[in-house]
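What follows is one structure encoded as structure tokens, with my remarks underneath.
Here is how names work: the chains are called A, B, and so on, in the same order as the sequence lines, proteins then strands, and each is numbered from 1. Note that the coordinates shown come from a computational prediction; the quantities given were computed from them, not determined experimentally.
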There are 2 protein chains.
Amino acid sequence: MKKTLTYLALIAFFYLGAQEHPNLILTQAGVDEIRANLGKVPFFDAHLAEVKAEVDAEIEKGIFVPIPKDMAGGYTHERHKQNFFILQKAGALYQILQEDKYAAYVKAVLMEYAAIYKGLPIHPQPRSYARGKLFWQCLNDANWLVYVSQAYDCVFNYLSKKERKYLESELFRPYADYISIENPQYFNRIHNHSTWGSAAVGMIGLVMQDEELIQRALYGLKDNSVDANAKDNDGGFIMDKGGKAGFLANIDAPFSPEGYYTEAPYYQRYAMYPYLLFATGLHNARPQEDIWNFKQGVLLKAVNTLLNLTDTDGEFYPLNDAQKGMSYYSRELVSAVDIAYHYGNQDPGLLSIAKTQNKLTLDDAGFAVAKAIAEGKATPFEKTSMEITDGPQGKQGGISIIRSGEPEDELNLLVKYTAHGNSHGHYDKLSYSLYHRGEEVLQDYGLARFVNIDQKNGGGYLKENTSWAKQTIAHNTLVLDETSHFGGNYEVGSKYHSEKYFSATDDTGSQWISVKENNAYPGTNLHRTLILLENKTLDHPLTLDLFRVQTNDEHQYDLPFHYFGQLMSTNFEYTTTESLSALGTTAGYQHLWLKARGQADEALTQISWLSNETFKTLTSVTDKEDEILFTQLGASDPEFNLRQDPAFILRRNSKKSTLFVNAIEVHGSYSPVTELAKSSVSKVKDIKVELDTQAYTIITLSFTSGESVRFCIANQDASLSAQHSINLEEEQIKWVGPYNQQQLK
Amino acid sequence: MKKTLTYLALIAFFYLGAQEHPNLILTQAGVDEIRANLGKVPFFDAHLAEVKAEVDAEIEKGIFVPIPKDMAGGYTHERHKQNFFILQKAGALYQILQEDKYAAYVKAVLMEYAAIYKGLPIHPQPRSYARGKLFWQCLNDANWLVYVSQAYDCVFNYLSKKERKYLESELFRPYADYISIENPQYFNRIHNHSTWGSAAVGMIGLVMQDEELIQRALYGLKDNSVDANAKDNDGGFIMDKGGKAGFLANIDAPFSPEGYYTEAPYYQRYAMYPYLLFATGLHNARPQEDIWNFKQGVLLKAVNTLLNLTDTDGEFYPLNDAQKGMSYYSRELVSAVDIAYHYGNQDPGLLSIAKTQNKLTLDDAGFAVAKAIAEGKATPFEKTSMEITDGPQGKQGGISIIRSGEPEDELNLLVKYTAHGNSHGHYDKLSYSLYHRGEEVLQDYGLARFVNIDQKNGGGYLKENTSWAKQTIAHNTLVLDETSHFGGNYEVGSKYHSEKYFSATDDTGSQWISVKENNAYPGTNLHRTLILLENKTLDHPLTLDLFRVQTNDEHQYDLPFHYFGQLMSTNFEYTTTESLSALGTTAGYQHLWLKARGQADEALTQISWLSNETFKTLTSVTDKEDEILFTQLGASDPEFNLRQDPAFILRRNSKKSTLFVNAIEVHGSYSPVTELAKSSVSKVKDIKVELDTQAYTIITLSFTSGESVRFCIANQDASLSAQHSINLEEEQIKWVGPYNQQQLK
């Protein structure tokens with residue numbers, strides 16, 4: 001019977017041009033099904049009760065629509081933000097519980113906004129390239145409308161025609177115009193800011209059935225008078241080279257075919273909400289757009305990709321500008337998981353993520369997830385090694401995630417060889433991070449910012465984000481001559497991307513990833529091969545890192561290891577000093593205190609440290625002219641904006657082409673409760689470079705157990721069928737393909 | 001029937017002088033009850049299976065009794081340690097499972113030890129004042145015998161008389177003599193080392209029924225030819241002033257009446273094992289000693305006291321020399337909890353700790369605990385505010401633990417005003433630590449040592465333990481003239497203790513603790529009052545710290561705040577420098593890098609920081625001559641032995657008597673997942689010193705809400721009935737007793 005009614009409503013819509021409400025994120029059919037199942041689906045009921053308690057408490061407190069004044073973290077900012085979250089929830093509660101008090105609340109708040117909106121000046125804080133009216137930047141104004149358009153859809157039929165006309169003419173239409181027509185430098189970009197803008201304009205357009213707004217949202221402004229060289233607050237170009245804009249162009253450009261978003265996971269997480277919400281609205285209210293199949297269904301693929309870009313604890317890898325700790329527990333990922341399940345292929349692995357999140361959206365998608373969980377359909381979401389391309393066609397390098405071991409003892413090796421990543425990109429070509437049990441062994445610093453903490457520059461980016469966090473030395477990759485990749489120049493860096501040379505990342509035995517970068521330094525070719533080696537001698541796989549540099553000039557090379565924890569031992573002498581100075585003056589070096597320096601061993605240099613109750617050892621092939629620098633972050637930091645993290649830097653002076661060979665072991669354990677130290681000593685006995693030419697690199701690694709393993713790489717020919725043969729002393733070594741591993745004894 | 005048999009055995013013992021086995025920790029009656037209940041008590045069965053699997057795996061590997069060679073952390077050390085743990089467990093398994101393979105294993109291992117023991121030289125490592133034979137120090141040799149005597153008791157009847165005679169004459173008796181007669185400087189002390197020694201000698205004496213060993217264990221060596229001024233490796237005196245020794249004297253001297261052990265919880269935890277195990281042995285095999293009632297039953301009281309000396313997560317407060325992370329999950333506390341339950345008053349709160357530990361001892365006590373848990377008797381172990389005295393008669397100061405809030409959001413304020421604490425004591429009179437949710441807000445550094453990690457000085461104390469960890473500046477208390485309390489002199493510090501002045505620590509409303517120290521600096525009286533203030537304006541109680549100094553001379557005063565986390569804001573200017581130097585040259589100051597310094601505000605100085613997702617603010621009453629120093633640990637640390645922890649130091653120059661008033665707030669929250677900053681700003685608007693004389697101190701604290709609270713202290717009269725009356729400007733203030741709190745508006 002209900003289905004028939006829904007069907008009739010659909011027919012009415014097509015024939016009469018009328019539209020039922022809600023029909024954006026919640027649908028009438030969804031509401032009917034939810035209401036018919038209230039009390040029967042425990043996860044949904046529990047979450048509904050939680051949201052009801054939260055909204056009831058807010059309604060109890062009263063309505064607060066203050067005149068905008070503060071930056072992020074300040075009262076008026078946080079209050080307007082709280083308002084849009086609560087309005088969206090109150091709208092859903094009205095539909096699901098059909099209690100008028102929720103609609104009355106939404107109406108009352110909207111009326112207050114409508115009463116002041118047109119009279120509001122531009123927000124008094126002058127810090128944004130596109131200042132909003134409710135908030136300091138249009139971006140936050142767009143956030144508000146993405147949420148509030150959902151609330152409006154839910155109470156649409158509760159309001160009289162006259163009330164709707166009032167709200168639309170006094171609030172929604174001028175609001176949508178302000179963040180689009182009046183701020184083209186904000187609206188008409190290929191950027192997450194504009195995704196929010198087009199979703200906001202499009203979603204309210206769908207509710208209002210305002211075709212002009214919908215077209216503007218999908219395709220951007222036609223009249224585009226923005227200076228082609230203008231930049232935003234983060235230094236990003238405002239105009240895309242192609243001159244395209246709007247929601248569809250914003251799907252097309254930044255996503256790779258697998259759904260990797262070029263700004264990296266932290267911003268992908270942020271952008272997923274408007275992408276998926278407006279797409280859901282289009283799916284429901286404008287099915288003819290066939291949005292879920294746009295660009296081979298990239299939006300739903302993106303959810304799976306994003307979930308794979310998390311460590312063992314579900315925290316996003318902090319690539320590019322990224323605040324650490326952000327995870328798939330965020331509200332954006334709660335909706336993403338629910339939507340991907342409901343509108344995608346009903347992947348049962350998503351259900352276990354939803355269970356872990358312990359939150360739902362109060363709509364068709366959230367209900368579908370809760371119901372499937374109640375039906376016992378959930379299976380574990382299994383993360384394996386994975387490779388992701390970057391670039392709209394997947395031709396601008398990528399990311400490899402190499403995983404090994406069970407989740408409770410898992411190692412993750414994350415290798416980055418992407419394009420720059422727009423204005424949020426870092427100068428970190430061929431860098432990697434290493435994780436053990438969800439904790440960082442070798443870290444990427446992330447961003448230098450305390451998002452939404454008013455005391456720290458109004459919650460905005462700190463200048464140390466540019467002077468430290470983006471610089472090459474802040475990452476586990478090679479720095480030449482104390483200069484960042486591309487000279488730290490955004491225009492130059494944005495032109496290039498690294499390339500995968502070869503990889504073998506199936507989850508059994510050793511996993512290899514070999515990547516190249518030819519533009520970071522002029523006249524210099526960088527080639528890094530990382531191998532996650534499994535061996536029965538080892539309690540955890542060993543990371544073997546071969547970093548080749550080819551150049552005709554002499555350089556100073558710095559290879560940093562951004563570790564955590566306490567130094568245990570070294571096999572070389574080092575000296576500390578009585579006073580500390582910064583290691584350098586630019587490119588991030590001005591932020592590093594030089595705490596000690598040592599001369600490397602003439603063959604093999606070892607450093608061991610302890611963190612998170614396991615030992616780590618770095619074994620480096622060195623000669624006695626190499627130096628080891630011990631640094632700590634925090635110099636040139638007049639406002640204590642940086643963390644005080646330590647690093648080792650392997651420095652090689654005045655060399656032309658060279659090869660760095662490093663092995664990183666995670667080994668043993670130490671418990672402060674049992675006070676037992678197990679396997680606290682490295683199992684690496686020796687590493688020998690047997691050959692290193694333009695064509696081939698051959699390394700032998702020997703363990704204290706007596707075992708030896710040989711690694712062969714063809715440096716110039718990645719063909720899988722190429723046959724290689726080399727005479728090494730008395731021995732002839734043969735293999736097929738770009739790499740080979742041999743157990744010697 | 002079984003009870004009758006046990007009874008008959010008991011009669012046989014008394015009348016015939018014979019003794020059944022086991023009868024030390026496991027008893028025959030206990031074994032009978034355990035065997036009758038196998039398969040019926042899930043917790044016990046599960047733990048039994050776990051131990052069986054562990055021991056079976058060890059038996060499988062074979063027997064290893066290497067010639068001693070290494071320091072702690074090295075192979076021979078760890079192997080002999082592993083042996084005694086496994087022998088003890090194998091003995092218990094033999095009794096409980098009655099499978100001969102376990103007894104055969106114990107016998108085989110003991111025979112190997114017996115074959116080599118007499119021929120072993122003194123351990124080759126020369127670092128101890130009392131070198132062992134199996135280990136580098138007698139202490140570890142005693143550990144071995146405490147465990148192995150239990151194994152011997154369990155297999156006693158499995159061995160032939162001849163085998164027993166062989167083991168006793170070749171191994172146990174010479175072993176016991178070596179750690180007692182041959183090392184009187186080790187055995188005849190009042191020290192945890194000697195507790196292990198007397199327990200070892202006494203426990204093997206009980207099993208062997210060797211009255212000479214038992215007497216030696218209980219009362220010490222009669223012939224005591226140790227130099228009265230000799231010291232041990234930690235700088236502690238070897239001889240107690242009273243010249244007493246043996247197990248009973250070692251109960252008498254270091255424990256206060258509540259069972260606080262003067263060396264502090266970390267060493268109390270370590271010592272509890274021999275105390276409780278030998279006591280259990282005495283209870284079972286020599287009931288006439290009535291050991292559980294010795295000194296009003298202090299040994300069992302000590303277990304409760306020790307459990308209360310833990311933070312929310314069960315980790316011991318790291319007072320004096322203490323490795324952080326040690327907790328009630330340690331094996332010593334597993335037996336302590338089981339023994340305290342079984343031989344004490346069957347406190348059902350102990351059962352919930354045992355459940356949390358998820359481990360048991362495989363003996364009478366462990367079984368009793370498992371059975372009671374199976375019967376549903378467990379109740380939560382509730383920690384409230386608590387005061388503990390120090391000193392054998394409880395007259396040498398003490399410790400106050402002030403708690404507030406539910407465990408998941410609990411604040412702990414730990415105030416120390418004890419005696420020195422023997423050789424493990426720190427120079428930290430009137431210091432305190434503050435915890436929130438089990439995380440340190442203001443820390444005590446603990447020790448500078450990596451226990452059992454060979455790479456770090458063989459696992460022993462590091463020189464930075466003396467140069468930093470013991471020094472006053474390493475603690476949250478006042479330093480005069482860059483000199484530690486008692487000039488850092490152990491002989492002087494050991495003569496004195498601080499005193500409680502008054503306290504009010506019931507767990508409702510504000511809690512007060514006021515303490516005095518008159519000997520730390522000559523001619524100087526220190527008086528600190530800490531108030532944990534509850535107020536509806538605050539989301540967590542505020543710590544108000546009033547620190548009065550009376551002296552006739554001018555001094556430089558440094559009051560450090562050993563915080564963690566990231567600086568958020570200050571209300572004063574400070575300057576960082578381009579190079580860092582140590583803050584001083586001695587007394588721990590040589591280890592502090594001076595990172596920045598600022599001139600305090602002329603009235604109220606505020607610093608806010610963020611750690612563990614909550615904000616903290618320090619508000620200090622200052623004048624503009626006061627300075628704020630920002631420091632970081634790590635200077636003069638040539639081997640990276642120290643953590644790199646930060647501190648603020650409030651410095652007051654060239655003042656005679658003075659008063660420090662500081663308020664520490666824990667407020668608001670920040671989540672990297674929601675990115676919401678809540679209540680990130682202090683609620684303290686003003687703090688005024690209304691009066692500060694020899695007789696009275698009156699402070700008024702005002703909140704941003706408009707509320708004000710006044711705190712009055714009578715500085716010279718702690719009488720509860722004394723009436724005080726003061727004219728303050730126009731107002732007459734009256735109160736009774738040493739302190740008073742008034743809500744002003």
Neighbour count >12 (heavy atoms, 6.0 Å) for atom [atom1], [X]:
{"X": "Lys69(A)", "atom1": "NZ", "result": "no"}
{"X": "Lys683(B)", "atom1": "NZ", "result": "yes"}
{"X": "Lys678(B)", "atom1": "NZ", "result": "no"}

Measuring from [X]:[atom1] to [Y]:[atom2], what's the distance to the nearest 0.5 Å?
{"X": "Gln644(B)", "Y": "Gln644(A)", "atom1": "CD", "atom2": "CD", "answer": "10.0 Å"}
{"X": "Asn641(A)", "Y": "Gln566(B)", "atom1": "CG", "atom2": "CD", "answer": "7.5 Å"}
{"X": "Thr570(B)", "Y": "Gln455(A)", "atom1": "OG1", "atom2": "CD", "answer": "11.0 Å"}
{"X": "Lys456(A)", "Y": "Leu567(B)", "atom1": "NZ", "atom2": "CG", "answer": "5.5 Å"}

To check you understand the geometry: which heavy-atom pair defines the closest contact between [X] and [Y], and what is its length?
{"X": "Arg331(A)", "Y": "Thr674(B)", "answer": "NH1-O, 3.7 Å"}
{"X": "Glu578(A)", "Y": "Trp593(B)", "answer": "O-CZ3, 3.5 Å"}
{"X": "Ile453(B)", "Y": "Leu610(A)", "answer": "CD1-CD2, 3.8 Å"}
{"X": "Val673(B)", "Y": "Met326(A)", "answer": "O-CE, 3.3 Å"}

Heavy-atom pairs under 4.5 Å with chain A are the metric here; pick the option from [options] that has the most.
{"options": "Ala582(B), Ala677(B), Ala72(B), Pro638(B)", "answer": "Pro638(B)"}
{"options": "Arg643(B), Gln632(B), Glu315(B)", "answer": "Gln632(B)"}
{"options": "Ser680(B), Gly634(B), Ser327(B), Ser581(B)", "answer": "Ser680(B)"}

Would you mind checking which part of [X] comes under 4.5 Å of any heavy atom in chain B, side chain (CB onward), backbone (N, CA, C, O), both or neither?
{"X": "Asp637(A)", "result": "backbone"}
{"X": "Leu642(A)", "result": "backbone"}
{"X": "Thr575(A)", "result": "neither"}
{"X": "Tyr266(A)", "result": "side chain"}

Which of Glu675(A), Lys324(A), Glu78(A) touches chain B most, by non-hydrogen pairs under 4.5 Å |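 With the most close heavy-atom pairs to chain B, the winner is Glu675(A).
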
Pick one of side chain, backbone, both or neither for [X], based on which atoms fall under 4.5 Å of a heavy atom in chain A.
{"X": "Ser579(B)", "answer": "both"}
{"X": "Glu332(B)", "answer": "neither"}
{"X": "Phe316(B)", "answer": "neither"}
{"X": "Gln590(B)", "answer": "neither"}
{"X": "Ser330(B)", "answer": "both"}

Do Lys81(A) and Leu676(B) have side-chain heavy atoms sitting under 4.5 Å apart?
->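 In contact.
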
Fit a plane to each ring of Phe640(A) and Phe630(B), take the angle between them on a 0 to 90° scale, and name the class: parallel (under 30°), tilted (30 to 60°) or perpendicular (over 60°).
->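 Ring orientation, 0 to 90° scale: parallel.
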
May I ask you to check whether Tyr670(A) and Phe450(B) place their ring centres under 6.0 Å from each other?
->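 No, too far apart.
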
